[in-house]
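In this text the structure is predicted, and so the values were computed from the model without any measurement. Just follow the structure's listing: the first ligand is 1, and inside any ligand the first atom is 1.
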Amino acid sequence: MAVRSEILNIVGGRAVEAADRARFEKFRPADGSLLCTVPRSAEADVAAAVEAARAARSSWAARTPVERGELVRELALVLRARREEAAAIVAEETGKTMELALGETDAAVEMGFFVAGEGRRLYGRTTTSAMPNRTVMATRRPVGVAGLIVSFNTPLPNYAWKVFPAVFCGNAAVLKPSEHTPASAAFFGELCNGCLPPGVLNVIHGLGPEAGPPLVESAEVDLLSFTGSAATGRWIAERGGARLAKVVLELGGKNALVVCDDADLDGAVEWSLASAFSNAGQRCAAASRVVVFDSAYDEFRDRFVERARGYETGPLISEASLERILAALDGANVVTGGERLDRPGWWLAPTVVEDVPGDAALSRTELFGPVAILYRVRDLREAIALVNDSPYGLTSAIHTASLHRAMRFADEVEAGVVVVNGGTHGSEPHMGFGGVKQSCTGWREAGIEALDVYTEWKYVNLIADPAKT
Ligand code: NAD
């Protein structure tokens, strides 16, 4: 299926226009050409989707977890069967390579299989009591209606990480995808609606500041699960918190990769390149800071810069993103890159920057583009201090042959993920993913930890009287 020229919302299982028929245009990042037009949804559209979710919620929650798990497995199987088609849509609307898009599609499929398996687990707990003859058990219950708001960067895994566990846990959901990835969201939404009862997953397209707030502020939405920037997350936390909704935020990073003087330099260079530049640096887990020991710095720098010059990054998602990053680089000591490529679309040359103080805005602001800053440090103590001197704490990596250095780094680094001798990567479906400080608000996505996001614990007390037997 090629990308449709006119995308539609999905409400109560039906494909619909925005109520006022307003539309916006979505362009291809690779060449700037028009890809499709998309509903520019507003309050009435969100309200209709929330109403459809509320209507579907109880009967969906009444199905057994085994049955809901089977439906999620079916979804994963359909997505796998259509992986080429799904990846082609993602590649076209983001500009990333088919190879990357296929990898992401497969990751979304795997998340489906992992979540489906919970159908025959979804373990609760039993516990003791001070009272005789009292049996206490804790069971997981759905939260209700979930508002799912996601970023554009890896669209299918982003939908899968939220939609699969949300619906599996018995919630009905409204997905608000990024305005930059409407085509993959339409594809995913249709696929889900082919397997799930109407209203269990609704998809509302639109511009963030227009379609997002009515979902955040709706009193009928019990849970808000958001993946995106810290700035938007802060606003959602304030507005969702004001009405005491459950608010779960997965936010940005300014992740660091440390290269020690005993590192395998070939491996360190390869992993640093992939960590900094793959998906054009548009990854929450991107290594935007590369911290190198003094004695290894010059050789690492020369090899890294040389390789960065030839790295195929793919375009940025929008003109606005490209302009924002170019403005942030203004005045910086750019070793390579730092300029727009001379071709249509939104391409930034892989960029390496040096001589940036740890407390400068460039060191502390997430750019979400193919920009790596190199830092020179004396030793591990200084490296860890620099890595931790950040508002964010999502992922981290260290390259060293020393177990002692690796363990000390793992112990002291302020991050939700640590990798030794690899890249600052994200997660796998069975691993809880998230960070500390401004990267997250304490929840973890994926893994069985996702069940904590999409369920509430209910404690059931059973008091039996042996005298009555
Ligand atoms: P963004 O904050 O601009 O947008 C994210 C989503 O929020 C989009 O769907 C957007 O339409 C919506 N939105 C915008 N304004 C809104 C509002 N006022 N109310 C409700 N919704 C609104 O972020 P982005 O540019 O799409 O994504 C990049 C960010 O996402 C980076 O910070 C990146 O690190 C982060 N991210 C984090 C993770 C993670 O797991 N921690 C994963 C991927 C991306």
Side-chain angles (χ1 to χ4, degrees), residues 24 26 29 38 40-43 46 94 104 107 111 147-162 174-182 184-185 203-218 221 224-240 245 247-255 279-288 316-318 320-322 324-325 365-369 390-395 415-417 424-427 431-447 449-450 453:
F24 69 92
K26 155 72 190 170
V38 187
R40 189 169 166 174
S41 308
E43 195 166 349
V46 173
T94 61
E104 291 175 12
M111 183 65 184
L148 311 175
I149 304 176
V150 294
S151 164
F152 66 84
N153 65 330
T154 51
L156 287 172
N158 291 1
Y159 311 144
W161 274 29
K162 292 199 192 299
V174 177
L175 173 67
K176 210 304 279 167
S178 166
E179 49 271 54
H180 300 300
T181 53
S184 59
V203 182
I204 290 291
H205 298 278
L207 305 179
E210 295 175 1
L215 192 58
V216 172
E217 297 186 321
S218 167
V221 175
L224 292 162
S225 178
F226 170 78
T227 297
S229 64
T232 309
R234 187 172 285 113
W235 185 87
I236 290 175
E238 283 169 13
R239 299 307 305 154
V247 181
V248 174
L249 306 176
E250 299 294 339
L251 308 172
K254 191 79 178 176
N255 310 290
N279 204 14
Q282 298 170 120
R283 297 190 312 128
C284 56
S288 43
L316 291 162
I317 197 67
S318 66
S321 194
L322 177 57
R324 175 180 52 76
I325 295 171
T365 310
E366 183 188 42
L367 296 182
F368 222 54
S390 171
Y392 294 106
L394 192 51
T395 76
V417 180
T424 51
H425 63 67
S427 193
M431 300 175 187
F433 180 72
V436 299
K437 301 196 276 189
Q438 291 181 24
S439 292
C440 191
T441 48
W443 302 91
R444 291 293 180 264
E445 286 215 301
E449 290 89 336
V453 171

Dump the intermediate steps for side chain to side chain donor-acceptor pair (under 3.5 Å) on T232 and S229, then the final yes or no.
-> CA-CA 5 Å; T232 309; S229 64; 3.1 Å; yes
What residue and atom, counting heavy atoms only, is the protein's closest point to [atom], and at what distance?
atom	answer
atom 37 (C) of ligand 1	L251 O, 3.0 Å
atom 39 (C) of ligand 1	C284 SG, 3.5 Å
atom 17 (C) of ligand 1	G208 O, 3.6 Å
atom 25 (O) of ligand 1	F152 CE2, 3.5 Å
atom 40 (O) of ligand 1	F433 CE2, 3.4 Å
atom 10 (C) of ligand 1	E179 OE1, 3.5 Å
atom 35 (C) of ligand 1	G228 O, 3.3 Å
atom 24 (P) of ligand 1	S151 OG, 3.8 Å

Spacing of [X] atom [atom1] and [Y] atom [atom2] [to the nearest 0.5 Å]:
X	Y	atom1	atom2	result
S151	F226	OG	CZ	8.0 Å
E179	H205	CD	NE2	11.5 Å
S427	M111	OG	CE	8.5 Å
L394	E250	CG	CD	8.0 Å

Would you indicate whether E210, at its atom CD, is surrounded by more than 12 heavy atoms from other residues, nucleotides or ligands within a distance under 6.0 Å?
->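 Enclosed.
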Tell me, with the steps shown, if F433 and T395 meet side-chain contact (heavy atoms from CB on, under 4.5 Å).
-> CA-CA 9 Å; F433 180 72; T395 76; 3.8 Å; yes
Ligand 1 contact by P177, heavy-atom criterion under 4.0 angstrom |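 In this structure, P177 qualifies as a contact of ligand 1 - some heavy atom is under 4.0 Å.
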Test item, F226 contacting ligand 1 (heavy atom, 4.0 angstrom) |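 Distance cut 4.0 Å: F226 passes for ligand 1.
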For ligand 1, which atoms, with element, lie under 4.0 Å from some heavy atom of [X]?
X	result
T227	5 (C), 36 (N), 37 (C), 38 (C), 39 (C), 42 (C), 43 (C), 44 (C)
W235	18 (N), 19 (N)
F368	28 (C), 31 (C), 33 (C), 34 (O)

Test side chain to side chain donor-acceptor pair (under 3.5 Å) applied to Y159 and T181, step by step = CA-CA 11 Å; Y159 311 144; T181 53; 3.2 Å; yes
Under the side-chain contact (heavy atoms from CB on, under 4.5 Å) rule, what do S318 and H180 come out as? Steps first, then yes or no, please.
-> CA-CA 8 Å; S318 66; H180 300 300; 3.9 Å; yes
When you look for heavy atoms under 4.0 Å from ligand 1, do you find them on the side chain of E366, its backbone, both, or neither?
->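 Looking at E366 and ligand 1, just side chain atoms fall under 4.0 Å.
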Using a 4.0 Å heavy-atom threshold (strictly under), name the region of V150 that reaches ligand 1: side chain, backbone, both or neither.
->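 Backbone only; the side chain of V150 stays clear of ligand 1.
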Atom 4 (O) of ligand 1: protein heavy atom closer than 4.0 Å?
->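 No, there is none.
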Note: K162-E445 ion pair, threshold 4.0 Å (strictly below) |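 Salt bridge flag = yes for E445 with K162.
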Side-chain touch L316/I325, heavy atoms, less than 4.5 angstrom =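 When only atoms from C-beta onward are counted, I325 and L316 do touch, with a gap below 4.5 Å.
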Compare all side-chain heavy atoms of L215 with those of I149 and state whether any distance is below 4.5 angstrom.
->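 In short, these two side chains touch, coming nearer than 4.5 Å.
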Given T232, L249, L207, which one has a non-hydrogen atom that is nearest to atom 16 (C) of ligand 1?
->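 Of the listed residues, T232 has the closest heavy atom.
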Pick whichever of S427, S229, P209, G212 has a heavy atom sitting closest to atom 1 (P) of ligand 1.
->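 It is S229 whose heavy atom sits nearest to atom 1 (P) of ligand 1.
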Indicate yes or no: does an N/O atom of S439 lie under 3.5 Å from an N/O atom of ligand 1?
->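 N/O-N/O distance under 3.5 Å: no.
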